[in-house]
4 protein chains.
Amino acid sequence: MSRPGPVLGEEQHLRRDAAENRELLLDAAARLFASHGLDASVEEIARVAGVGIGTLYRRFPTKDALIAALVQDALDTIGKLAQEAAEQPGGKGLEHFLERSSEYQADHSGCLPRLWNTDPGRDRIRRTIVALLEDAKLHSRVRDELTSTDLTLIMWSIRGVIETTRCIAPDAWRRHLDVLLAGMRPADDPFTHRPITQAEVDKVIAHE
Amino acid sequence: MSRPGPVLGEEQHLRRDAAENRELLLDAAARLFASHGLDASVEEIARVAGVGIGTLYRRFPTKDALIAALVQDALDTIGKLAQEAAEQPGGKGLEHFLERSSEYQADHSGCLPRLWNTDPGRDRIRRTIVALLEDAKLHSRVRDELTSTDLTLIMWSIRGVIETTRCIAPDAWRRHLDVLLAGMRPADDPFTHRPITQAEVDKVIAHE
Amino acid sequence: MSRPGPVLGEEQHLRRDAAENRELLLDAAARLFASHGLDASVEEIARVAGVGIGTLYRRFPTKDALIAALVQDALDTIGKLAQEAAEQPGGKGLEHFLERSSEYQADHSGCLPRLWNTDPGRDRIRRTIVALLEDAKLHSRVRDELTSTDLTLIMWSIRGVIETTRCIAPDAWRRHLDVLLAGMRPADDPFTHRPITQAEVDKVIAHE
Amino acid sequence: MSRPGPVLGEEQHLRRDAAENRELLLDAAARLFASHGLDASVEEIARVAGVGIGTLYRRFPTKDALIAALVQDALDTIGKLAQEAAEQPGGKGLEHFLERSSEYQADHSGCLPRLWNTDPGRDRIRRTIVALLEDAKLHSRVRDELTSTDLTLIMWSIRGVIETTRCIAPDAWRRHLDVLLAGMRPADDPFTHRPITQAEVDKVIAHE
DNA sequence: GATGAATGAGATTTCATTCAT
DNA sequence: AATGAATGAAATCTCATTCAT
C-alpha cells in the first residue's frame, strides 16, 4: 500500500549539476587512487562519488581521461605554487617551491605515477622553474652546474620517496629534501656525470 | 648479471630441464616486468619463456611467488654487492655500494616496486650497510648526522628515478646520485628535519 | 513449478531486464545442474541463459551464490508445501508433504546435493514438519517412536533415490516412498536402533 | 665434498613391486575420495600413496580406471557378503546382507556415487540377491510384492543416507535401515505404485 | 542527463594426462 | 619400471566500457 519511496541510500538523490558531479568524481578518484593505487576500479570510484557509472563515463570518456584530469589539476596547482615561490626574496624561491610542491604531492599522492607524464601547461611551469633556478644561482644558494633537468630528477626522486612512505611516514620526504638541498648547494667538488638533456626529459614524459 | 646460485633452503635438486626452465621463466619475467610493469600477464611470461603455463605454475605456485623469487634474487645480489663494497679502502665503500647497487637495479628494474618489500636476508644486508656508513663517517666522507634510514630513503629515491627514466635515459640515476652524494658530504649547515626511525622503515617494508 | 516471489530481504527493485535475466539464469542453472551435476560450468550456464558471463556474475557474485539461490528457492517452496500439507485432515498431512516435496525435488534435482545444507528459514520448516508428525501420530498413521530426525533421514533417502534415477526412471522414488511409508506405520516390533539426535542433524547440515 | 646422498623424504625409496604399488594407490584413493569426494586430485593420491604420478598412470590409465578399480573391489566384497548371507537360516539372509553391505559401504564411502554404476560380476550378485529375497518371502519375513528392483532402490537410498551422514553420524544408516526393514515386512495395505523394471535399473547403471 | 545492467576479453589458477629423464 | 616435469584446456572471476531504460 505504501508508495514506492526512495530506497536506502537513495535519499540524497539530489539533481546535481554536471560541475558538482565532476568534483565528486575527481575527489573520489583521488581518494581511491591514493589508497588502492591506479588499479582502483571505476565502478568503485563511481560508488564512492555517489553517482552511477554511466555518469562517470559521461564526464570522462575513459579511465585514462579521469586520471589525466587529476594530473591536470595537480599540474595547475603546482604551476601556481611555482609562481608564488617566485615572490620569495634572496634566491630562496626554488627551495620554497620544492617544499611546497612536495607537500602538495604528499597530500595528493593518488596519481603520482603519471604526474609528470602529461602535456599542456607544462612548458609554462618549466619556464617558471628555470627562473627560480637562475635566481637561486644568482644568490649562490645552489651550484652553478645545477641544471633544470637536475631539478626534474630531484622531483621524480621525491615522488618516489613519497609513494613509498606515504602511508607510514608521511613526512619522510622532508628529511630527504634536506639531503637533496644540501647536495644542491655550492661546493668545491663538481658533479662527475653530465646532466640529462631536456630532450631526454621530454621523451620520458611523452613515453606515456 | 648472472643469477646467484642456490641460497638458503633452496637446495632442492631440480632436474636439469626443470632448472633450465626456472631460469627461462625468471628471465622472461624480468624482461616483461621491466617493459610492461608488474601487470605483465603470466601467460605472456610463459610464452616468452617458451614453456607451458602449467610449467610456470609448477615452479611458482602463484604470480606473487614468481615476483618474490625475482626479488629474492635481487636482494641476494645486493647483499653480495654490499659485502664486496666493504673491501673498498678509505671509507669509500658506501659510495661504491650505492653506485653498484643502483647499477644492478637499473639493469633489473622489473620488480623494483617491491624490491624492498620482502624479508629474509634483509637484516644481514642492513647490518653490512650500517658498517659501510660507519666506515664512511670514520673517513669523513659523509656527515655524522647521516643515519642508515637516510640511506634507505636515498635508495628509494634512486629507485624512483630509475623507474621513471629507465627506458629513455638509463643513466640518469648517475647524475642524481652525484647530487645525493654531495648532499651526504660533511657540511656546516645541518639537516633541519629528524631522520625517520628504523621502526618506520620496517613498517613501510612490511606494508606489502 | 513457478519460482516463488521475492522473499525476506530480497525485495531490492530489480530492473525488468535484470529480473528477467535472473530468472533465465536460475532456470538455465537448474537445467544444467540437473543434467550435468554441480560441475556444470558457469560459462555454459550463461550461454544457455543467453546472457554474458558478466551478467551472471553481476547477479550472483560466485558460483556458490548461484547454487545458494537455487537452494533458497527450493527451500521456500518446500516450506510452502509443508504449510499446505498442514491443512490435510485425518493426520494425512505428513504423507502428503513427503509426496509433494519429493515431487518438487524430482523436478528440481539440480542442486539436491546441497539442498539441505543451508540455513535461513529451515527452522520454520522444521517446526511445521514436527507439527505434521505429531498430527500423524495423533491419528495413528505413524509409529509413536518415529522422530523428526527419522523424517530427515527419510528425506535424505528419497533424495538419494531421486539423484540416482532421475534421468531414467523419474518416478522411481514413488515406489520407494511406498516402502518408507509402510515402514513408518504403527507396528508391533519396534525399531532396534536409537534415532539420531537433532544436534547431529544440525551438524550434518552445517558440515557444508 | 659429501656424496650426494638421499635427499629428505627419499629415504624410503624402496624398490616396490607392482602389486604393492597397486594396493598403496587404491588405499590412498579410497582415503582421499572418502575425505574429499571424487574431486580429489590424482596428484594428491599419488603423493599419499608415496609413488610418482607416472606410476599411478602406469597402473591405471585414467582416473576413471582407478575409480572403477575401487568400485570393482567393493562389488567383489559385496558379492562375497551376499554369498555369506545366503547361509543365514530362517529367511534372515536378506536382512543380514543389507546390514553387512551397508556396513561395508559406510566404511568405504569413497566412490559410492558410482558404486552401482559399473558392470562385471554384477549379474552374479543380482542372482544371489534374488535368491535371498525368495528365501525371505518363503519365511514370510518380507512382503510377496517386494521385488529385487525394490531392493536396488533400497540400497541406493541407504547409499544416499550414508553419503550425507558419514562424517557426523556414521551409524545413522542403521536407524534408517530399521525403517526400511519395517517397510519390507508383510502387511495388509499393499504398495500403491508399480516397482521399476529391471530394464530401468540396468539403464540407470549403464548411464555412467 | 543519469542510471546501472550487460558485455566479453582477459587474468589467474587447477588438474588430468603425456613424455623425457 | 619409475619418476615427476611439462602440458594446455578449462574453470572461476574481474573490470573497463557500452547501451537500454
Side-chain angles (χ1 to χ4, degrees), chain A residues 10 13 15-18 21 39-47 50-66, chain B residues 13-22 39-47 50-66, chain C residues 13-22 39-47 49-66, chain D residues 10 13-18 21 39-47 50-66:
Chain A
E10 204 188 338
H13 176 77
R15 182 78 175 197
R16 280 186 291 258
D17 57 302
N21 278 347
D39 289 345
S41 80
V42 288
E43 188 135 14
E44 177 82 350
I45 292 169
R47 183 166 60 253
V51 306
I53 186 160
T55 305
L56 186 154
Y57 269 87
R58 168 163 293 272
R59 292 292 156 249
F60 306 99
T62 255
K63 188 182 189 180
D64 276 356
L66 173 58
Chain B
H13 266 308
L14 282 185
R15 227 164 65 179
R16 189 168 50 72
D17 52 350
E20 264 173 31
N21 281 341
R22 186 176 195 277
D39 290 346
S41 83
V42 289
E43 186 142 13
E44 178 80 353
I45 291 170
R47 185 166 57 253
V51 306
I53 182 90
T55 303
L56 188 157
Y57 272 90
R58 161 168 288 267
R59 206 55 60 211
F60 306 100
T62 263
K63 188 183 190 180
D64 276 356
L66 174 58
Chain C
H13 265 309
L14 281 185
R15 228 164 64 178
R16 188 168 50 73
D17 53 349
E20 265 173 29
N21 280 341
R22 186 176 195 277
D39 290 346
S41 84
V42 290
E43 187 142 13
E44 177 80 354
I45 291 170
R47 185 165 57 253
V51 305
I53 181 93
T55 303
L56 187 156
Y57 272 92
R58 161 168 289 266
R59 207 54 59 211
F60 307 100
T62 263
K63 189 183 190 180
D64 276 356
L66 174 58
Chain D
E10 206 188 338
H13 177 77
L14 317 168
R15 182 82 175 194
R16 280 185 291 259
D17 58 303
N21 278 346
D39 291 344
S41 80
V42 288
E43 188 134 15
E44 177 82 352
I45 292 170
R47 182 166 61 253
V51 305
I53 186 158
T55 304
L56 185 155
Y57 269 86
R58 167 165 294 272
R59 291 292 156 250
F60 305 99
T62 256
K63 187 181 189 181
D64 276 357
L66 173 57

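In what follows, chains are A, B, ... by sequence order, proteins preceding strands, each numbered from 1. All of these numbers come straight from a predicted model, not from anything done at the bench. FYI, side chains are in, hydrogens and waters are out, and symmetry mates aren't considered; it's all heavy atoms of this structure.
Between C:Asn21 and E:dA5, a side-chain N or O to OP1/OP2 separation shorter than 4.0 Å is absent. When the side-chain nitrogen and oxygen atoms of B:Arg58 are compared with OP1 and OP2 of F:dA6, none of them lie within a distance under 4.0 Å.
The backbone N or O of C:Glu44 lies less than 3.5 Å from a partner atom in the side chain of C:Ser41, making a donor-acceptor pair.
Residue C:Ser41 is in sugar-phosphate contact alone, with no base atom involved, counting any heavy-atom pair closer than 4.0 Å across all strands shown. Residue C:Arg47 is out of contact with every strand shown, counting any heavy-atom pair closer than 4.0 Å.
In this entry the distance linking CG of B:Asp39 with P of F:dT14 reads 17 Å, nearest Å. E:dA6 atom P lies 11 Å from atom CZ of C:Phe60, rounded to whole Å. The distance from atom NZ of D:Lys63 to atom P of F:dA9 is 20 Å, rounded to the nearest whole Å. In this structure, CG of D:Leu66 is placed 14 Å from C1' of E:dT17, rounded to the nearest angstrom. Taking atom CD1 of residue B:Ile45 and atom C1' of nucleotide E:dT13, one finds them 14 Å apart after rounding to whole Å. C:Leu56 has its CG atom 13 Å from the C1' atom of F:dT14, to the nearest Å. Rounded to an integer number of Å, the gap from D:Glu44 CD to E:dC15 P is 10 Å.
Taking every heavy atom of both residues into account, A:Ala40 and A:Lys63 meet most closely at O-NZ, 3.0 Å.
In this structure, CG on B:Leu56 lies 10.0 Å from CG on B:Asn21, to the nearest 0.5 angstrom. Atom CD of D:Glu43 and atom CD1 of D:Ile53 lie 4.5 Å apart (nearest 0.5 Å).
Both B:Thr55 and C:Ala40 sit near DNA chain F, but only B:Thr55 has its closest nucleotide nearer the 5' end. Nearest-nucleotide positions on DNA chain E place A:Arg59 closer to the 5' end than the other of A:Arg59 and A:Glu43. Comparing C:Gly54 and C:Val42 by the nucleotide of DNA chain F whose heavy atom lies nearest to each, the residue mapping closer to the 5' end is C:Val42.
Distance from the side chain of D:Tyr57 is smallest to E:dT18 among E:dT12, E:dT18, F:dT17. With distances taken from any side-chain atom of A:Ile53 to the nucleotides E:dT18, F:dT18, F:dC13, the minimum falls on F:dT18.
Across the strands present, F:dT21 finds its partner in E:dA2; the criterion is a Watson-Crick or G-U wobble pair with both atom distances under 3.5 angstrom.
Between B:Val42 and B:Phe60 the shortest side-chain heavy-atom distance does not fall below 4.5 Å.
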